[in-house]
Participant: 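Quick one: the structure is below, and I'll ask about it shortly.
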Protein chains: 2
Amino acid sequence: MVARYERIADELRDDILTGVHPVGSQLPTEAELAARYLAARGTVRQAIAMLVTEGLVGSRQGARRIVLGRARSQSFAELHSFAQWARANGYRYGGQVITQRRRAASSVEVARLGTDEVLDVLRLRTLEGEPVLLERTVYASWVAAAVEELAPDCESVTEALYDSIGLVFAYGEHLIDAVSAGARDARLLGVRRGSPLLRQRRITTTHEGRPVEWSDDRYRAGSVVFSIRNSIDANPLVRQAGDLRFGA
Amino acid sequence: MVARYERIADELRDDILTGVHPVGSQLPTEAELAARYLAARGTVRQAIAMLVTEGLVGSRQGARRIVLGRARSQSFAELHSFAQWARANGYRYGGQVITQRRRAASSVEVARLGTDEVLDVLRLRTLEGEPVLLERTVYASWVAAAVEELAPDCESVTEALYDSIGLVFAYGEHLIDAVSAGARDARLLGVRRGSPLLRQRRITTTHEGRPVEWSDDRYRAGSVVFSIRNSIDANPLVRQAGDLRFGA
DNA sequence: TAGTGGTCTAGACCACATG
DNA sequence: ATGTGGTCTAGACCACTAG
């Protein structure tokens with residue numbers, strides 16, 4: 001069942017992407033849209049709210065809404081899963097487990113994941129044949145068995161875990177910064193030691209807020225860029241001083 | 001005038017931060033909250049929606065809401081303005097214009113900013129006495145005069161422009177990646193050539209969607225981290241392949 | 001001053017989660 | 001089966017923008 005406001009949002013988004021409402025132009029008023037779609041004003045507002053959070057449309061009390069841009073954002077799955085992202089964008093991709101072992105959790109990991117034992121996995125992922133990403137992931141013990149069952153060249157861990165144990169990754173927190181490549185990073189990614197890497201550390205939880213994994217992902221410089229839209233009303237991005245809340 | 005839903009959101013947020021609703025616990029139902037605050041259910045939902053976009057609370061049809069975390073996010077101003085961010089976090093900060101000149105816009109800049117002439121400014125910013133950020137900002141011609149009037153050591157360009165010409169920065173798009181320090185970067189930031197820098201490129205517009213500035217900001221590695229919370233329902237962050245939509 | 005978006009209400013029905 | 005959040009309506013009033 002697709003909600004009415006979603007269909008309205010889809011139509012409006014289409015109208016923006018196809019130039020019916022060009023960038024910089026005004027959107028029709030809520031009253032007009034409500035009449036056009038035979039919906040209550042609240043429903044139209046809900047549709048527009050989607051476009052606002054996507055950054056396509058700007059909003060401001062008393063003034064007509066303005067079309068800000070045409071770029072669409074990705075789904076959570078596309079950000080979370082390298083495979084789903086690569087596939088959605090038409091890239092050739094691959095992956096390989098380099099090392100994988102169970103070990104006792106450090107005190108930080110106990111606090112972060114809530115389990116005494118963890119599964120520690122190092123994966124190298126490729127894009128268009130080139131190594132671009134080194135993933136160091138630590139899984140909570142309650143998913144360890146399911147992860148160990150996966151093939152070493154499993155393309156999408158996210159999808160495999162959903163299929164095998166119904167696991168849904170629902171929430172994430174991400175820390176993004178730059179680091180220099182260590183000896184091992186450099187060797188596996190095929191870059192010089194000390195060269196810049198884009199690092200994304202993240203913790204992912206279930207719908208219940210139960211932590212599933214903690215990961216340190218390092219991208220070769222130039223291979224990917226993170227993009228965010230924000231506004232005076234909605235600001236998902238935060239800048240922090242670099243003493244690194246999550247520890248080293 | 002503070003909206004009712006904002007006050008409700010503030011109280012709920014307080015209850016989360018102070019542990020009345022600990023992380024991992026369930027939030028009261030909408031009906032309970034509506035009764036407690038003598039508000040309609042829709043108003044309570046609006047309050048909770050704020051907490052959800054802040055990443056404090058998780059939401060899912062049919063199940064009670066869960067408290068996910070206690071970290072608060074920053075305002076747009078705090079992300080946009082180095083000075084406002086540093087001040088809000090209690091850091092000592094400073095800044096200095098290194099070079100500033102008007103020049104003809106490149107074709108990319110014409111497309112991006114919509115003006116034939118631009119003002120090109122290079123600023124070095126310090127945190128706790130250390131140089132941490134090198135800002136290369138290109139302003140549209142219609143703000144150039146106001147920028148040129150500012151003192152070279154102006155602490156907050158954002159606030160100064162609001163005071164002088166009532167300019168409000170309302171929307172931003174940000175691209176984040178890692179680059180290695182060039183000779184000039186290295187000298188000004190006090191790092192070795194080739195060492196990693198965290199780069200944030202951004203374009204900022206007014207409420208009307210009119211582009212004001214385009215900036216390439218480079219942080220010394222370790223000085224700042226960007227943080228984002230997302231969920232299966234709301235995903236502000238996007239990963240892109242590194243062919244750099246904004247050009248070099 | 002007129003128009004537009006922002007807030008709020010009260011109530012209805014549906015979809016989903018959980019026991 | 002029950003409870004909970006998700007959707008939708010219809011209407012009212014307020015705050016702000018713009019001519």
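Chain letters run A, B, ... following the sequence lines, proteins first and then strands; every chain starts at 1.
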Participant: In terms of side-chain heavy atoms of B:Gln61, which of C:dA15, C:dG5, D:dT7 is nearest?
Facilitator: C:dA15

Participant: When you compare the side chain of A:Phe82 with that of A:Glu155, does any pair of heavy atoms fall below 4.5 Å?
Facilitator: no

Participant: Is the distance between the ring centroids of A:Trp85 and A:Tyr91 less than 6.0 Å?
Facilitator: yes

Participant: Would you say the side chain of B:Val121 lies within less than 4.5 Å of the side chain of B:Gln100, judging by non-hydrogen atoms?
Facilitator: yes

Participant: Do A:Leu119 and A:Ser141 touch side chain to side chain, with heavy atoms closer than 4.5 Å?
Facilitator: no

Participant: So, do A:Leu33 and A:Ile8 sit near enough that their side-chain heavy atoms are less than 4.5 Å apart?
Facilitator: no

Participant: Picking from D:dT9, C:dT18, C:dG6, which would you name as closest to the side chain of B:Ala63?
Facilitator: C:dT18

Participant: Compare side-chain N and O positions of B:Arg65 against OP1 and OP2 of D:dG6 and report whether any pair is under 4.0 Å apart.
Facilitator: yes

Participant: By a strict heavy-atom criterion of less than 4.0 Å, which residues belonging to residues 30-41 of chain A are in contact with DNA chain C?
Facilitator: A:Glu30, A:Arg41

Participant: Report the distance from atom CD of A:Gln26 to atom P of D:dT17, rounded to the nearest whole Å.
Facilitator: 15 Å

Participant: Over how many whole Å does the gap from B:Arg60 atom CZ to D:dG6 atom C1' extend?
Facilitator: 14 Å

Participant: If I take atom CG in residue B:Leu27 and atom P in nucleotide D:dG6, what distance separates them, rounded to the nearest angstrom?
Facilitator: 12 Å

Participant: Please report, rounded to the nearest Å, how far the P atom of C:dC8 is from the CD1 atom of B:Ile8.
Facilitator: 8 Å

Participant: Nearest heavy atom decides the nucleotide; on that basis, is B:Glu208 or B:Arg45 closer to the 5' end of DNA chain D?
Facilitator: B:Arg45

Participant: For A:Ser59 and A:Arg65, test the side chains for any donor-to-acceptor distance below 3.5 angstrom and give the result as yes or no.
Facilitator: yes

Participant: Give the rounded distance in Å between these two atoms: CZ of B:Arg64 and C1' of C:dC16.
Facilitator: 15 Å

Participant: Can you tell me the distance, in whole Å, between the OH atom of B:Tyr5 and the C1' atom of D:dC13?
Facilitator: 16 Å

Participant: Output the pairing pattern of DNA chain D as a dot-bracket string, 5' first, Watson-Crick or G-U wobble with both distances under 3.5 Å, | for cross-strand pairs, [ ] for crossing pairs.
Facilitator: ||||||||||||||||||.

Participant: Rounded to the Å, how far apart are B:Gln46 CD and C:dC8 P?
Facilitator: 6 Å

Participant: Looking at C:dT9, I'd like to know if its phosphate oxygens (OP1 or OP2) sit under 4.0 Å from a side-chain N or O belonging to B:Thr43.
Facilitator: yes

Participant: So, is B:Thr29 close to the D:dG3 phosphate, meaning a side-chain N or O under 4.0 Å from OP1 or OP2?
Facilitator: no

Participant: C:dT9 phosphate, OP1 or OP2: any side-chain N/O from B:Arg4 under 4.0 angstrom?
Facilitator: yes

Participant: Can you tell me if A:Gln46 and A:Thr43 form a side-chain donor-acceptor pair at under 3.5 Å?
Facilitator: no

Participant: Whether the B:Glu213 and B:Thr137 side chains hold a donor-acceptor pair (N or O, under 3.5 Å, no angle test) is what I'd like checked.
Facilitator: no

Participant: Establish, from distance only, whether the side-chain atoms of B:Glu208 and B:Thr206 form a donor-acceptor pair under 3.5 Å.
Facilitator: yes

Participant: Of B:Arg125, B:Arg87, B:Gln84, which is the lone residue that meets side-chain hydrogen bond (donor to acceptor under 3.5 Å, both in side chains) with B:Tyr93?
Facilitator: B:Arg87

Participant: Both A:Gly62 and A:Val2 contact DNA chain D. Which one's nearest nucleotide lies toward the 5' end?
Facilitator: A:Val2

